[in-house]
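Numbering of ligands and ligand atoms starts at 1, following listing order. Computed from a prediction, not measured in an experiment: that's the story for all the values here.
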Amino acid sequence: MRVGLFDSGVGGLSILRDIWRLMPGASTVYFADTANFPYGTKSEDEVRRCSLRAVDVLMKYHPSAMVVACNTASTIALEAIRKYITTVPIVGVVPALKPAVAMTITKNVAVLATERTLASRAYQELKKSFADGMTIIDQPCPGWVELVENGQIDDAEAEQAVRDVVEPLAAAGVDVYVLGCTHYPWLRPLIEKCVGQKASTLDSGEAVAKKLQRVLGYQTANDTERQEIYLTSGNADGFQKLASRLLGRDIVLTLYVKSRGEFG
Ligand code: DGL
């Protein structure tokens, strides 16, 4: 059983971590499309094109299922991917708005995500279904994904960038923060420091891993030939170092995938 995942960079590794926790026997192939990072400020067409190319890369590894481990790609391109690939189940990432609405006491929820995700029809529809009687604040987070890709997840610059976004939200009474971009869980210690003890942060990693378990009928870790493959369209060395640091152990294999086109 092999699960294929892609993201514009190291964000989807936060989903990979949750998949390993629930499915420790599953083999994984992870594609970081770093040559086309960031997805979050691209046009919808560009995000769709990058996503379909990423799926092409993963299909070469014959996955049993694929995870679009990026909220931007999921909200924009999931439909197109499912039309393109009909032989493999595709699991997308949705901002955790539903559990956030169930959890908030102040009825003020902030959804932290990329501009592209917040503007997407898929996200706006999700909001319509769950936001009744709630104040939902759509909050882009300028610079956060770049900080994570730079490995700046715990320095003073990152803390300031997080404070700039979160403090006004806390002052407005937000008590639940949806991490609607897969890069943001890597900033969670800083985010939690800035939101205060009474607030919560929610991401979608566990929900994605549970969905994948169901889709694949995964039960026990009896896969004796478990394999982890890492691919990047960007700098292989840089990705290997950052991924190892974020995952807390040396990743064993990184292959370079030549990017077939950039967007200016
Ligand atoms: N990790 C991606 C997401 O979940 C976005 C990062 C980017 O802008 O490329 O939306």
Side-chain angles (χ1 to χ4, degrees), residues 4-19 30-55 58 66-78 80-81 90-97 110-124 126 138-153 158 161-162 165 177-188 191 201-209 230-235 238-239 242-243 246-247 259 262-264:
L5 303 91
F6 79 90
D7 177 51
S8 61
V10 293
L13 295 174
S14 66
I15 304 276
L16 189 64
R17 210 175 35 171
D18 283 309
I19 291 173
Y30 184 91
F31 176 44
D33 189 15
T34 320
N36 292 309
F37 172 86
Y39 282 4
T41 48
K42 288 189 163 39
S43 71
E44 294 207 353
D45 272 357
E46 285 170 339
V47 172
R48 267 190 290 270
R49 269 153 57 198
C50 289
S51 301
L52 294 181
R53 276 208 312 265
V55 159
L58 290 175
M66 265 196 275
V67 176
V68 182
C70 169
N71 288 266
T72 308
S74 290
T75 49
I76 302 297
L78 199 59
I81 296 172
I90 315 282
V91 176
V93 185
V94 181
L97 192 56
V111 178
L112 314 181
T114 67
E115 283 167 40
R116 184 54 57 218
T117 295
L118 296 171
S120 69
R121 193 167 46 96
Y123 169 67
Q124 291 300 330
L126 183 76
D138 294 351
Q139 183 63 58
C141 304
W144 287 22
V145 288
E146 286 81 3
L147 286 165
V148 172
E149 286 296 317
N150 272 340
Q152 291 177 261
I153 55 170
V162 169
V165 168
Y177 295 78
V178 175
L179 307 187
C181 166
T182 55
H183 278 73
Y184 301 168
W186 297 120
L187 291 168
R188 181 176 249 132
I191 299 170
T201 57
L202 292 180
D203 66 59
S204 314
E206 187 169 316
V208 169
Y230 296 92
L231 312 162
T232 176
S233 56
N235 179 298
F239 175 75
L242 183 56
L246 293 175
L247 293 171
S259 166
E262 257 120 46
F263 302 106

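Each of L247, V148, V145 was compared with V10 under the side-chain contact (heavy atoms from CB on, under 4.5 Å) criterion, and only V148 meets it. Just one residue in the list T72, N71, T117, D33 forms a side-chain hydrogen bond (donor to acceptor under 3.5 Å, both in side chains) with Y39, and that residue is D33.
Remark: side-chain polar atoms of S204 are not paired, donor with acceptor, to backbone N or O of V93 under 3.5 angstrom. Distance alone, capped at 3.5 Å, places no donor-acceptor pair between the W144 side chain and the C181 backbone. Here the side chain of T34 pairs no donor or acceptor atom with the backbone of T232 at under 3.5 angstrom.
Protein residues with a heavy atom under 4.0 Å from ligand 1 are D7, S8, F37, P38, Y39, G40, C70, N71, T72, T114, V145, C181, T182, H183.
Using the six-membered ring where Trp is involved, Y30 and Y230 have ring planes that are tilted, between 30° and 60° apart.
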